[in-house]
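Down below is the structure, laid out as structure tokens.
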Amino acid sequence: MKTIISKITPNEAENEQIYEQAGNILKSGGLVAFPTETVYGLGADALDVEASAKIYAAKGRPSDNPLIVHIADLDALDVLSQDVNPWALKLAAAFWPGPLTMILKKKDIVPDTITGGLRTVAIRMPSHPVAARLIRTSGIFIAAPSANISGKPSPTKAEHVIHDMDGRIDMIIADDTVDIGVESTIVDLSEQVPVILRPGFITREMLSGVVGEVRIDPAIMGSLKEGTVPKAPGMKYKHYAPDAQLVIVEGTPERVIDRINSLSVQKMTAGFRVGVMAAEESCRLYHADVIKAVGSRNDEAGVAHNLYAALRSFDAQGVQYIYSESFSTDNVGRAVMNRLIKAAGHTIIKA
Ligand code: TXA
Ligand code: MG
């Protein structure tokens, strides 16, 4: 399949054509990747069973892993959900459009194929202008997972989408203004108490400021006991992972630096290519083939923004082992560490 790649530019006449073409592809059952404020999404008509099935094929995604439905207007809530409760309305007023996904009881109109057979549906109203305009001009609800091959780091740049999806989907809308860098916060509103199933830019504190008590799915931070099953089906798979073997090293800065350097030198001596992922403050202190600074230690948002691009760049440079510092879990940092721990397949060394 030939993939059309179109870049958003300041030329409004050209952009109008891009949205029209992308809308037509979506309405006729095709796949279009587009930027959002969190990561790039891979979109299809959410209510078209055959179209959404193509998403699973293009990504190599397990069919029991449900998709998020992207909307542009609040009216859509009542079309998709049979129980738009007061929590949903309050959270929508506070955080939509934006990086928050709500799980609500679904209506029959939502096909089982996109909910993995669950009785709930995940709904998000993105704030990114390209995403919002695409949903509006196409006039449909867009089911969209992150636009990566299943298991790989989510794409935050058009080049990542092209790397994973060129030849597999109909169109890619390129616009490298993806800001946040990690996927939306998912909150389940279908139970007795709101529960965070996936951390993101919208934190527990921000949510509970609006709806009171909010729990966190115990499966989230990865320090789970054997047998804990995450409620968001997608959170149980190895995810966000580079091809290289990723290891997180935790401890005081001095010990972490010493430990990473000794591991790195060991592997380099054995003939492997080694990468180190670190904060700006310490990256000069490492010995490795490839060293990536992901942002300042005190700037969780900066680390979130750079995380997936950094993981992908190690693969692009043929690294076989990556040693990473661990980062702050304040604010969006909780989401960063959640993704990093999963990307490492829970391999954490205490220095
Ligand atoms: O920021 C985002 O949310 C991005 C952009 C493109 O909007 N999308 C995204 O989609 O991250 P995806 O498919 O990569 O992740 C969706 C997650 C999966 O872990 C899935 O299991 C969970 O949402 N999910 C979807 N529907 C659900 C439901 N009804 N109940 C529980 N979890 C659900
Ligand atoms: Mg994903």
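What you see below is based on every heavy atom in this structure, not just the backbone, and it leaves out hydrogens, waters and symmetry mates. None of the values given here were measured: they were computed from a predicted structure. First listed ligand is number 1; within each ligand, the first listed atom is number 1.
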Quick one: does [X] get within less than 4.0 Å of ligand 1, heavy atoms only?
{"X": "Glu37", "answer": "no"}
{"X": "Leu197", "answer": "yes"}
{"X": "His70", "answer": "yes"}

*Whether Asp112 side chain and Gly117 backbone form a donor-acceptor pair below 3.5 Å*: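 Checked: no pair found.
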
*asked:* Once rounded to the nearest 0.5 Å, what's the spacing between atom OG1 of Thr101 and atom CE of Met125?
replied: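 Reported to 0.5 Å precision, the distance equals 12.0 Å.
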
Under 3.5 Å between any N/O of [X] and any N/O of ligand 1: does that happen in this structure?
{"X": "Asn65", "result": "yes"}
{"X": "Lys59", "result": "no"}
{"X": "Ser184", "result": "yes"}
{"X": "Ser146", "result": "yes"}

If you take the nearest heavy atom of each of [options], which one is closest to [atom]?
{"atom": "atom 6 (C) of ligand 1", "options": "Ser150, Ala33, Gly41, Pro99", "answer": "Gly41"}
{"atom": "atom 17 (C) of ligand 1", "options": "Ile123, Asp217, Ile186", "answer": "Ile186"}
{"atom": "atom 25 (C) of ligand 1", "options": "Ser154, Pro66, Gly116, Ala144", "answer": "Pro66"}

_CA sep, side-chain torsions, deciding dist, call: Glu20, Lys27, salt bridge (charged side-chain N to carboxylate O under 4.0 Å, His left out)_ = CA-CA 10 Å; Glu20 194 181 309; Lys27 281 182 280 186; over 6 Å; no

*For Asp164, which of Lys157, Lys152, Arg312 qualifies under salt bridge (charged side-chain N to carboxylate O under 4.0 Å, His left out)?*
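With Asp164 as partner, salt bridge (charged side-chain N to carboxylate O under 4.0 Å, His left out) holds for just one option, Arg312.
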
*asked:* Heavy atoms only, cut-off 4.0 Å: how does Arg61 contact ligand 1, side chain, backbone, both, or neither?
replied: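 For Arg61, the contact with ligand 1 is made by the side chain alone.
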
*ligand 1-proximal atoms of Ile103, by part, heavy-atom distance under 4.0 Å*: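 The answer is the side chain.
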
What atoms in ligand 1 come closer than 4.0 Å to a heavy atom of [X]?
{"X": "Leu118", "answer": "28 (C), 29 (N), 30 (N)"}
{"X": "Ala122", "answer": "25 (C), 26 (N), 27 (C)"}
{"X": "Thr38", "answer": "1 (O), 2 (C), 4 (C), 5 (C)"}
{"X": "Thr120", "answer": "28 (C), 29 (N), 30 (N)"}
{"X": "Glu183", "answer": "1 (O), 2 (C), 11 (O)"}
{"X": "Ile68", "answer": "3 (O), 8 (N), 9 (C), 10 (O), 16 (C)"}

*With salt bridge (charged side-chain N to carboxylate O under 4.0 Å, His left out) as the test, would you mind laying out the steps for Arg334 and Glu205 before giving the verdict?*
CA-CA 12 Å; Arg334 182 182 281 275; Glu205 292 69 28; over 6 Å; no

*Does CZ in Phe201 sit with more than 12 non-hydrogen atoms of other residues, nucleotides or ligands closer than 6.0 Å?*
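Atom CZ in Phe201 is not crowded, with 12 or fewer foreign heavy atoms closer than 6.0 Å.
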
_Does atom CZ (Arg215) have a neighbourhood of more than 12 heavy atoms from anything else shown, all under 6.0 Å?_
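Atom CZ in Arg215 is not packed in, count stays at 12 or less.
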
*Salt bridge Glu14-Lys7, side-chain N to carboxylate O under 4.0 Å*: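 No, no charged N to carboxylate O under 4.0 Å.
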
*the Mg ion (ligand 2) contact by Ser146, N, O or S atom under 2.8 Å*: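 For Ser146, the answer is yes, given that an N, O or S atom comes within less than 2.8 Å of the Mg ion (ligand 2).
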
*Should Asp175 and Thr177 be marked as a side chain to side chain donor-acceptor pair (under 3.5 Å) after you check the CA-CA gap, both sets of side-chain angles, and the distance that decides it?*
CA-CA 6 Å; Asp175 182 33; Thr177 53; 3.0 Å; yes

*Do Tyr240 and Glu183 have side-chain atoms, one donor and one acceptor, less than 3.5 Å apart?*
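Tyr240 vs Glu183: no donor-acceptor pair found between side chains.
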
*Looking at Tyr321, is Lys267 sitting on its ring face, NZ or CZ under 6.0 Å from the six-membered ring centre and within 45 degrees of the normal?*
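Yes, a cation-pi geometry.
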
_Evaluation steps, salt bridge (charged side-chain N to carboxylate O under 4.0 Å, His left out), between Asp73 and Arg136_ = CA-CA 9 Å; Asp73 289 290; Arg136 284 227 164 78; 3.5 Å; yes

